[in-house]
Amino acid sequence: MTETVVENVEILIIGAGPVGMTLHLALAAGGQKSVLLDRRAVQTQQGDPRALALSYGARQLLEQINSWPTRAATPIETIHVSQKDGFGRTLIDRADYALPALGYVVRYRDLAGALAANLSADAVLSAAEILDITPGNQHVTVSLRHAGQLRTIQTKLLVHAEGTPGDDPAVSVSDYDQHAVICEVTPTPGHHKRAWERFTPDGPLALLPLGDEYSIVFTLPPAKADAVMALDDEAFIAALQTQFGPRLRFAKPGKRSRFPLALRLRETLVKAKEVWIGNTAQTLHPVSGQGFNLGIRDAWQLSEILLRNGVDCSSLASYAASRRLDRQGSAFFTDQIVRNFSNDFAPLKLLRGLGLLALDICPPARHFVAKRMIWGARAWP
Ligand SMILES: Cc1cc2nc3c(=O)[nH]c(=O)nc-3n(C[C@H](O)[C@H](O)[C@H](O)COP(=O)(O)OP(=O)(O)OC[C@H]3O[C@@H](n4cnc5c(N)ncnc54)[C@H](O)[C@@H]3O)c2cc1C
């Protein structure tokens with residue numbers, strides 16, 4: 001019987017999604033090698049239907065690793081925030097921040113493609129199946145099947161970037177009882193680089209400019225999402241129009257997809273020689289587009305600590321501490337918006353209207369919210 005050869009790598013990253021690839025490339029830019037491992041073949045990412053709103057801060061980080069998908073990115077110049085059948089609205093304008101854009105909208109597949117284009121052929125084990133993970137004193141040992149072969153890898157540091165976790169006792173789950181139905185629609189007149197966030201009793205409705213289209217995130221209770229998924233195109237547009245109102249007309253809906261929504265927070269980010277980043281560390285509601293923007297900051301912060309200290313797991317405690325404010329702040333912010341804005345309770349509706357009005361007429365408060373979305377915790381005083 002032949003013995004499986006044990007390979008040694010300094011850093012093994014499980015999950016070659018946008019967060020895992022960002023970490024790999026940021027480490028490589030500082031001269032640190034790592035290996036990515038994914039259960040999907042790289043080309044399956046091309047089938048992901050999501051469009052992501054990326055902050056200006058995320059663009060700056062992606063530019064540093066030559067992975068900004070310039071031609072695929074649509075700038076957001078203004079964001080209009082309002083509530084259905086209620087008063088109060090806020091307009092956030094890039095002109096107030098001396099930035100070329102507040103953020104950008106990019107298809108997940110274009111972002112993944114721009115990152116993957118910078119990976120060397122031996123950087124990724126794709127279509128790999130993990131069979132076992134055994135933590136040890138010196139290494140973590142990972143057994144896997146890849147290209148029909150059994151392999152054993154010993155790594156000094158195992159980074160988990162597998163995306164949204166399934167059932168895992170280490171992760172707290174708070175279900176929103178909402179599903180996101182997403183698709184692209186053509187607006188008339190054009191979008192003029194404006195994003196909309198419209199709060200409705202069913203959940204938030206977001207319109208993100210993407211090329212000539214709007215990418216929509218239509219949030220609904222599960223039973224209504226079932227019904228909306230089953231509608232023909234004409235009835236779907238009518239349902240969208242009812243939720244949004246008459247300011248724009250929509251046509252030509254693309255293929256619809258849906259995602260169940262919950263807040264998932266991992267209690268512990270670091271355990272001995274393992275660390276969790278991106279959606280596997282925290283999965284947020286897509287309202288205000290925080291998820292990947294937070295994940296890229298996780299990857300960046302971890303790469304900076306590893307490049308500064310070497311692959312020394314004793315420095316990982318400082319990683320967990322350095323991410324606390326950003327991840328807890330982002331989770332709290334999105335959670336409060338979803339819970340306080342997704343209802344028709346009259347006193348709350350009044351408060352929401354007053355809040356939106358106050359943000360609009362009080363520039364410091366509006367700037368704080370806008371900067372928080374652009375820079376994350378760096379915007380905190
Ligand atoms: C409807 C919707 C809209 C969103 N809109 C926005 C937005 O506007 N802005 C924003 O910033 N964020 C948004 N997000 C969140 C964003 O999609 C995620 O935060 C981001 O994709 C997380 O990246 P990731 O690399 O951590 O995980 P993923 O993108 O999920 O990638 C994880 C990778 O790990 C691999 N993997 C999983 N398990 C294993 C395993 N056992 N072994 C090997 N490989 C494995 C997967 O195949 C995958 O390639 C949205 C999410 C949804 C659902």
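Reckoned from all heavy atoms, side chains included, excluding hydrogens, waters and symmetry mates. Along the sequence shown, residues are numbered consecutively beginning with 1. First listed ligand is number 1; within each ligand, the first listed atom is number 1.
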Please list every donor-acceptor pair under 3.5 Å in which a side-chain atom of residues 124-140 meets a protein atom from a residue at least two apart or in another chain.
residue: Glu129; atom: OE1; partner: Arg145; partner atom: NE; Å: 3.4
residue: Asp132; atom: OD2; partner: Thr134; partner atom: OG1; Å: 2.7

Show me, pair by pair, the donor-acceptor contacts under 3.5 angstrom made by side chains of residues 231-239, not counting sequence neighbours?
residue: Asp232; atom: OD1; partner: Glu234; partner atom: N; Å: 3.3
residue: Asp232; atom: OD1; partner: Ala235; partner atom: N; Å: 2.9
residue: Asp233; atom: OD1; partner: Arg256; partner atom: NH2; Å: 3.0

| Going by heavy atoms in the side chains, are Ile92 and Thr78 under 4.5 Å from each other? | no

| message | Tell me whether Thr155 contacts the main-chain N or O of Glu10 through its side chain, where contact means a donor paired with an acceptor under 3.5 Å. | response |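 Here the side-chain-to-backbone pair exists.
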
| For Phe332, the rest of its hydrophobic cluster, which grows through side-chain links under 4.5 angstrom | none

| About how many Å separate CG of Leu157 and CD of Gln32, when rounded to the nearest 0.5 Å? | 9.0 Å

| message | Taking non-hydrogen atoms within less than 4.0 Å of ligand 1, which protein residues qualify? | response |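 Those residues closer than 4.0 Å to ligand 1 by some heavy atom are Ile14, Gly15, Gly17, Pro18, Val19, Leu37, Asp38, Arg39, Arg40, Gln45, Arg50, Ala51, Leu52, Ala53, Tyr108, Ala161, Glu162, Gly163, Ile182, Phe259, Gly278, Asn279, Pro286, Gly289, Gln290, Gly291, Phe292, Asn293.
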
